[in-house]
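Bear in mind the structure is a predicted one, so any value in this text is a computation, not a measurement. Within every chain, numbering begins at 1; the chains are lettered A, B, ... in the order of the sequence lines, protein sequences first and strands thereafter.
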Amino acid sequence: MTDLMPARVRFAPSPTGRMHLGSARTALYDYLLARRTGGTFILRIEDTDRKRYVEGAEEELIEGLRWLGLNYDEGPDIGGPYGPYRQSERREIYYHHAWELVERGAAYPCFCTPDRLAKLREEQMRRKENPHYDGLCRHLDLGEARRRIANGEKYVIRFKMPKEGVTTAVDLLRGEIHTANNVLDDAVLLKSDGLPTYHLGAMVDDHLMKITHVIRTMEWLPSLPLHVNIIRAFGWDEPVWVHPSVFLKPSGKGKMSKRDAADAMKDGYSIYLGDMRALGFIPEGVLNWIALMGWGVPEDDIMTLDEMIQRFDIRNLTPSPAAINFARLDHFNAAHIRRLPTEELAARIKPYFLNAGLQVDDERLLRIVPLIRERLVTLDDCLPFAAWFFKENVEPKPEELVAKNLTPAQSAEIARKAFEVLSGLPVLTVESAEPPMRALVERLGLSPGQVFGILRVAVTGQTVSPPLFESMEIVGKEKVLQRLQRAIEMLERM
RNA sequence: GCCCCCAUCGUCUAGCGGCCCAGGACGUGGCCCUCUCAAGGCCAAAACAGGGGUUCGAGUCCCCUUGGGGGCACCA
């Protein structure tokens, strides 16, 4: 039960693009572990690549976490005892640590130019060798190296990977991983621009920030032995390593690509968190969906964030890759929409009506919600079901007013009879209107669908709607009769 | 090419040597309910990749094969 000790866990994205589902899941697992153990959830921005930096990416990341409700305890915008939390603001720290490794004989300055490295790689490829650094600068005299640096020569600092032996690392989900050191490369730790690579930056920060568990996708697994060696060279303790697998495209063949992302968009889905809200997905649904791609629970898999915290166990994550399945997203989204209290759902769908240019009466909205709740897969589904409630007039298609197997004239006759029944009521409610209307159906020897269908199209303007009598009660007797009268006229003109 | 990881229904998964002729969920098909569309209820089809071991006993442990995924940057 050692992992019930309060964990310090960090979500460490790089601001190089949009926040996608994969990052969101990693952040979620980080969050769950931290909350489950009464620990700390930290956001750290790994912005050491100036070339790939994307303006606004950090904001999208923060906005995404906020939307999902994955609130962090320490981070670049809120500070904390181990800051700064943006790597670009920690250059000196990495510089000193890189040189400490040089001093310890575990790293060395390297003056090879990108040009030489490119040629080297090219030649190795031609000889069908593994691309790797050939170690030209590995045995350079340190004093000489310092002189060249003092002369202003560009350099990087490389890790001096042991040439012999085997590195054993332990992943919580996969057990021991053995790697022969001779297949490992002398990786660059400090770039010529003075900023660290991931290998140095992440290891140094994880140590300094007292990170206990590192959760990252398995694309990092190949560099785990490197990281373990770096940590050992410093003489530090290792965190617990957890490498969940990556998400595969819906076909199960390979990682999601730009093209797959575009395909998803065409179907009304997205792999980008920033799109999800506009598409009508709610955080509860998205969270539940991504949580269970890589984590299995025996049953009762509809869970809120709090319920997930209660049931989370880092050891139950699965090591195998998971294909994205948008049909399941629909399912989880709809399930959580159904769970929302009326007031809450009303508040969440209101913006969709407003954006459609409709005027929303809050009291009426509250009465509509129970009628459409179980019909919504995404929040924006509220429009096709209920937009007509907020319109002054509806525009039924004449042909849709004609009941199945009946003529326009017959349909008009039925509508007139219905008008008589409804207009005779003191008030139009489900209780007052439904029994006499059913009696009418009986008397006419027709099916409920035929008679109610005419009314539905007349009153709502559409063939699919929330339950008819409940809807009419909300619309009100006066307007119902008005619309019915108009429908009768339309039918008579056919 | 080299290195690493993974392997239960179409998909996400439960299973941590006997409780499994393998359970749940999504999706699919059927039925019920029904004023449309949903929701809900019931039922059905659907999997331990293959081959060797270990063991009284293997989906569960080991090895090989096959298949899939990932990585081989002064990117993360």
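- One P atom belongs to B:A14, the other to B:C61, and the distance between them is 13 Å to the nearest Å.
- Pair check for B:C37 finds none; no Watson-Crick or G-U wobble contact set falls under 3.5 Å.
- Ring planes of A:His243 and A:Trp241: parallel class, angle under 30° (limits at 30 and 60°).
- Nucleotides B:C64 and B:A7 place their P atoms 15 Å apart, quoted to the nearest Å.
- Searching all strands for a Watson-Crick or G-U wobble partner of B:C2 with both distances below 3.5 Å returns B:G71.
- Non-hydrogen atoms lying under 4.0 Å from RNA chain B are contributed by A:Arg456, A:Thr463, A:Val464, A:Ser465, A:Pro466, A:Pro467, A:Leu468, all within residues 456-468 of chain A.
- For B:C75, neither phosphate oxygen OP1 nor OP2 lies less than 4.0 angstrom from any side-chain nitrogen or oxygen of A:Thr48.
- Rounding to whole angstrom units, CZ of residue A:Arg174 and C1' of B:C16 are separated by 17 Å.
- Using a 4.0 Å heavy-atom distance criterion, A:Ser192 is classed as a base contact.
- No hydrogens or angles considered: nothing links the side chains of A:Asp115 and A:Thr113 as a donor-acceptor pair under 3.5 Å.
- Remark: A:Arg438 is in phosphate contact with B:C35, judged by side-chain N or O atoms under 4.0 Å from OP1 or OP2.
- Side-chain contact of A:Asp49 with A:Ser14: a donor-acceptor pair under 3.5 Å is absent, judged by distance alone.
- When rounded to the nearest whole Å, the span between CD of A:Glu219 and P of B:C4 equals 19 Å.
- Between A:Asp301 atom CG and B:G23 atom P the separation is 17 Å, expressed in whole Å.
- Look at B:A25: its Watson-Crick or wobble partner, with both distances under 3.5 angstrom, is B:U11.
- OP1 and OP2 of B:G68 both lie 4.0 Å or more from every side-chain N or O belonging to A:Lys255.
- When the C1' atom is compared between B:C33 and B:G40, the two are found 8 Å apart, to the nearest whole Å.
- As a whole-Å value, the separation of A:Lys253 NZ from B:G70 P is 11 Å.
- Comparing B:A39 with B:G23, their C1' atoms sit 25 Å apart, to the nearest whole Å.
- With B:C12, B:C74, B:A7 as the candidates, the nucleotide lying closest to the side chain of A:Ala323 is B:C12.
- The shortest distance between the side-chain N/O atoms of A:Thr318 and the OP1/OP2 oxygens of B:U13 is below 4.0 Å.
- Side-chain contact annotation: A:Asp186 with A:Tyr108, donor-acceptor N/O pair under 3.5 Å present.
- Taking the P atom of each, B:A45 and B:C62 are spaced 34 Å apart, rounded to whole Å.
- Summarising the base pairing, B:A49 is matched to B:U65 through a Watson-Crick or G-U wobble pair whose two defining distances lie under 3.5 Å.
- In this structure, A:Lys249 does not reach the B:G68 phosphate: none of its side-chain N or O atoms is under 4.0 Å from OP1 or OP2.
- The phosphate of B:G40 (OP1 or OP2) has a side-chain N or O of A:Arg338 nearer than 4.0 angstrom.
- The distance between atom CD1 of A:Ile372 and atom C1' of B:U36, rounded to the nearest whole Å, is 16 Å.
- There is a side-chain donor-acceptor pair under 3.5 Å between A:Tyr269 and A:Asp330.
- Atom name C1', nucleotides B:U54 and B:U60: the rounded distance is 13 Å, in whole Å.
- Checking side-chain atoms of A:Glu284 against main-chain N and O of A:Thr304 turns up no donor-acceptor pair under 3.5 Å.
- Taking the six-membered ring for Trp and thresholds of 30 and 60 degrees, A:Tyr29 and A:Trp295 have ring planes more than 60 degrees apart, a perpendicular arrangement.
- In the set B:G1, B:C74, B:C4, B:C4 carries the atom at the smallest distance from any side-chain atom of A:Thr179.
- The six-membered or imidazole ring of A:Phe452 lies near that of A:Phe469, with a centre-to-centre distance under 6.0 Å.
- Taking atom C1' on both B:G27 and B:C21, the two are 26 Å apart, rounded to the nearest angstrom.
- OP1 or OP2 of B:C75 lies within a sub-4.0 Å distance of a side-chain N or O belonging to A:Lys51.
- Comparing B:C75, B:G24, B:C37 by their closest approach to the side chain of A:Arg328 singles out B:G24.
- B:U8 sits 12 Å from B:C20 when the C1' atoms are compared, rounded to a whole Å.
- Here the side chain of A:Asn325 is nearest to one of B:C26, B:A76, B:G69, namely B:C26.
- Under 3.5 Å, the side chains of A:Arg373 and A:Thr342 contain a donor-acceptor pair of N or O atoms.
- The CE atom of A:Met218 sits 8 Å away from the P atom of B:G71 (whole-angstrom rounding).
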